[in-house]
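So the structure is just underneath, and the comments pick up after that.
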Amino acid sequence: MEQEYIITIFSENSKGLLNQVTTVFIYRDINIESITASESSVGGIHQYTIVVRSEREKVEKAARQIEKKIDVLKVYVFTPEEVVQQEIALYKVAHNKDVEKLVREQHVRILEVEDDCIVLEKTGYTNETQALFELLKPYGVFQFVRSGTVAVSRYNKELLEEYI
Amino acid sequence: MENTPVISGSEAVIRSLLAEGTETVFGYPGGTIMPVYDALYGYREQLNHILVRHEQGAVHAAEGYARVSGKTGVCLVTSGPGSTNTVTGLADALLDSTPLVVVSGQVGSALLGTDAFQETNFIGITQAVTKWNCQVKRAADIPAAIARAFYIARSGRPGPVVVDITKDAQQERAPFRYEKVTQIRSYTPCPKPDRDQLAEAARLIDQARRPLLLVGQGILTGGAEEELAAFMEKSGIPAACTLLGLSALPTDHPHYVGMLGMHGNYAPNIKNRECDLLIAAGMRFDDRVTGNPKQFGANAKIIHLEIDPSEVNKIVRADVPVIGDVRETLPLLTELIGRREHEAWIEEFRACYDTEYRKVIESELFPSTSAIRMGEVVYRAALAFDAEAVIVTDVGQQQMIAARYSRFRKSRSLITSGGLGTMGFGLPAAIGAKIGAPEREVCLFAGDGGFQMNIQELCTIMQTGAAVKMVVLNNGFLGMVRQWQELFFDRRYSFTEMQNPDFGLLAQANGIPYRRVEQREELEEAVKQLAESKTAFLLEVKVEQEGNVFPMVPAGAAVSEIRWA
């Protein structure tokens with residue numbers, strides 16, 4: 001059955017690695033919904049968080065094939081229930097009384113106020129940032145961007161520790 | 001660091017290759033690799049360079065060299081077309097787990113990414129067809145990159161790697177100090193065997209009444225031939241080989257029951273469904289082996305001895321995966337199991353062989369038709385070489401026939417493109433095999449189609465004097481495609497008929513002795529002449545035009561749908 005999976009990859013910070021990782025998803029015919037990459041808690045080691053919709057078996061097989069890449073340390077596959085996940089979204093919208101009301105109701109941060117627009121920030125699940133976007137749409141959204149999901153597992157220690 | 005010499009990056013390439021024990025390099029010079037070739041000139045006594053006629057020839061030759069010798073094959077090519085010409089060979093080596101190091105020249109680092117002359121993004125291109133690749137832009141980084149390349153290419157499950165070196169890095173001078181790589185923290189080449197898995201596997205083996213061992217190339221790449229023999233001796237279990245597993249045990253082993261797969265032997269193909277236990281050792285359940293994977297070993301528990309964790313449960317679910325190097329896991333298993341015999345069970349395989357002999361083999365080896373059949377040629381060659389030769393094949397009907405009817409006494413005696421099915425592999429691979437094992441006879445079987453795909457390498461034979469024995473089984477067709485057209489496309493022979501050149505003149509042009517056989521009466525003597533020739537020899541045999549390879553399990557079909565004609 002198709003569902004959402006969150007894949008966490010730890011790798012050396014080597015050039016071209018992202019390409020190698022995404023190649024496996026192309027090879028196994030899995031589309032990437034979102035992807036983030038940055039340095040992990042361990043210096044020199046990068047962490048990728050990739051969200052896909054697919055079948056468990058297919059995702060697991062892709063994970064093993066990614067793990068096989070020389071510079072990849074470890075790959076974990078999680079269901080949404082197994083992680084705490086968030087993403088950040090920025091919205092540039094026009095000044096407007098109704099928008100200000102939305103800001104208060106939706107627990108949205110104001111990052112910057114310009115003469116003719118304001119930049120808002122909301123963190124939450126994808127459906128929440130999307131919902132806010134839908135609410136703001138009628139008032140005119142000049143720009144909208146999402147970070148892609150980041151996630152930590154529900155285990156209480158750093159996943160990487162036992163592998164380096 | 002006072003005693004570390006300061007040398008050019010080019011010389012560092014050569015000295016690094018020598019430090020890894022490289023004796024032979026297959027290559028072709030060009031613009032961006034010229035500094036390395038210049039350095040090679042000074043080392044031509046220490047490093048044997050084989051000048052091929054096309055970079056695809058270089059990489060297949062390096063594969064043949066690696067497969068026959070167990071050493072790492074090395075190629076040296078220039079940037080742009082020189083490097084892209086190696087891509088097919090890299091893909092071939094990746095699928096067949098062949099250790100290769102391809103060193104490619106690259107445009108100067110200042111020109112990278114500018115569409116410079118003979119520039120391609122070789123790292124990007126080869127990411128999907130290598131085990132690992134890297135680009136080097138500083139002379140000082142060359143030794144470490146090559147050390148890493150060799151370590152990755154030959155450790156664990158072997159594979160091809162690419163080291164792409166910019167021209168300025170080749171020309172720059174830097175201190176040279178070589179240190180072999182012995183571990184990489186993000187890479188576990190040989191996972192440690194799990195004792196519980198081994199114990200569970202041994203328990204299943206001891207309980208099994210109808211077990212079958214499936215022998216893959218892992219036995220050869222792991223160098224576990226003796227360990228396999230010991231396991232078979234104690235367990236009494238019959239063994240079948242995959243195409244690439246052939247020659248891991250002698251074909252006359254009393255418990256050897258034949259080859260698996262689409263054109264494999266009837267016994268293991270049909271009996272895997274009746275087994276209560278399959279022990280897969282160093283094989284990956286390729287779809288050409290399993291047919292319909294749902295029915296393969298459908299009634300059996302499956303033990304999978306495998307070095308690459310990503311292969312476990314990929315195609316067929318393993319009840320007990322035993323992850324690790326078979327050279328390590330097989331003896332541990334042998335120790336745990338009880339001594340058994342399975343004579344009655346093995347007798348059932350023999351009965352199946354008799355069926356196959358009556359239906360197919362007899363008429364292939366001893367035909368009553370006037371046209372020569374491919375099988376009888378392979379059989380004659382096996383006799384003439386006394387089953388001691390390294391058999392190299394191209395891809396297609398002759399490949400399957402050579403695999404079916406060759407006889408093997410020694411390990412590493414069949415070199416063929418299994419996973420990628422690369423036509424044009426045979427001729428250059430045979431050259432590489434001869435260079436990798438000069439003391440052995442090397443006999444190539446190629447079809448008239450595949451032989452022409454890298455036929456320029458006849459000139460490499462001329463220049464190197466590699467004494468390759470070549471048999472072209474000429475049916476005037478792209479035979480395997482024609483066979484499928486006959487069986488599955490209503491005999492619509494769409495562009496499979498070949499109008500061939502005069503192979504005799506091509507041989508003559510390259511100073512290679514040649515003989516053509518059209519009559520069965522000449523065959524035995526001609527094959528003998530081929531076997532006894534001290535130099536390279538090309539034997540062209542005109543075989544039955546529309547000969548087919550049977551039995552055949554159609555792609556994706558269950559083995560019960562096996563076709564005999």
Side-chain angles (χ1 to χ4, degrees), chain A residues 5 7-30 32 35 37 39-48 50 54-77 158-164, chain B residues 91 94-95 97 112-113 121-137 141 144-145 148-164 181 183-189 191 284-285 293 306-318 321 323:
Chain A
Y5 291 96
I7 302 163
T8 298
I9 300 169
F10 292 100
S11 81
E12 301 289 352
N13 179 19
S14 54
K15 201 169 67 177
L17 206 268
L18 179 60
N19 193 359
Q20 289 188 48
V21 168
T22 53
T23 295
V24 175
F25 288 103
I26 298 167
Y27 194 49
R28 297 227 65 131
D29 191 27
I30 298 171
I32 293 172
I35 181 165
E39 193 166 59
S40 72
S41 61
V42 182
I45 292 179
H46 264 53
Q47 176 170 353
Y48 299 74
I50 298 178
S54 189
E55 290 145 24
R56 174 110 223 169
E57 201 182 313
K58 220 165 144 179
V59 174
E60 287 288 355
K61 286 177 184 177
R64 298 289 78 80
Q65 285 175 319
I66 292 166
E67 205 165 68
K68 193 165 137 179
K69 301 286 175 194
I70 302 293
D71 290 325
V72 172
L73 286 136
K74 193 70 195 162
V75 181
Y76 297 92
V77 176
E158 180 59 69
L159 292 171
L160 198 51
E161 264 168 21
E162 51 194 292
Y163 289 95
I164 51 171
Chain B
L94 185 67
L95 278 178
S97 310
L112 280 174
N121 175 5
F122 195 45
I123 292 300
I125 289 171
T126 56
Q127 221 140 44
V129 291
T130 54
K131 187 174 172 186
W132 179 75
N133 65 16
C134 77
Q135 189 173 67
V136 184
K137 291 178 292 184
D141 297 336
R148 201 172 158 95
F150 272 89
Y151 174 66
I152 291 169
R154 62 184 162 212
S155 59
R157 180 178 178 179
V161 305
V162 163
V163 182
D164 195 40
V181 170
Q183 67 103 30
I184 295 171
R185 68 173 177 178
S186 57
Y187 170 53
T188 312
R284 62 179 176 88
F285 297 97
E306 172 60 52
I307 197 165
D308 177 355
S310 78
E311 291 295 350
V312 174
N313 297 335
K314 190 182 82 174
I315 306 290
V316 169
R317 181 152 284 281
I323 296 176

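Naming: A, B, ... by sequence-line order, numbering from 1 per chain.
The shortest heavy-atom contact between Lys131(B) and Ile70(A) is O-CG1, 3.5 Å.
For Asp308(B), the part lying near chain A is the side chain, with the backbone staying farther off; criterion is any non-hydrogen pair under 4.5 Å.
Residue-environment remark: CZ (Arg317(B)) stays at or below the threshold of 12 foreign heavy atoms within 6.0 Å. Within 6.0 Å of NZ in Lys58(A) there are more than 12 heavy atoms belonging to other residues, nucleotides or ligands.
Remark: Thr130(B) OG1 to Gln20(A) CD distance equals 7.0 Å, nearest 0.5 Å. A distance of 11.5 Å separates CG in Leu73(A) from CD1 in Ile184(B), rounded to the nearest 0.5 Å. Tyr187(B) OH to Glu67(A) CD: the interatomic distance, rounded to the nearest 0.5 Å, is 13.5 Å. The CD atom of Gln127(B) sits 5.5 Å away from the OG1 atom of Thr23(A) when rounded to the nearest 0.5 Å. Taking CD1 of Ile152(B) as the reference point, atom CG of Asp71(A) lies at 7.0 Å (rounded to 0.5 Å). Distance check: Lys61(A) NZ to Ile315(B) CD1 gives 6.0 Å after rounding to the nearest 0.5 Å.
Counting heavy atoms from C-beta outward, Lys314(B) and Arg64(A) have side chains that stay 4.5 Å or more apart.
Of the listed residues Glu57(A), Glu12(A), Lys69(A), the one with more heavy-atom pairs under 4.5 angstrom with chain B than any other is Glu12(A).
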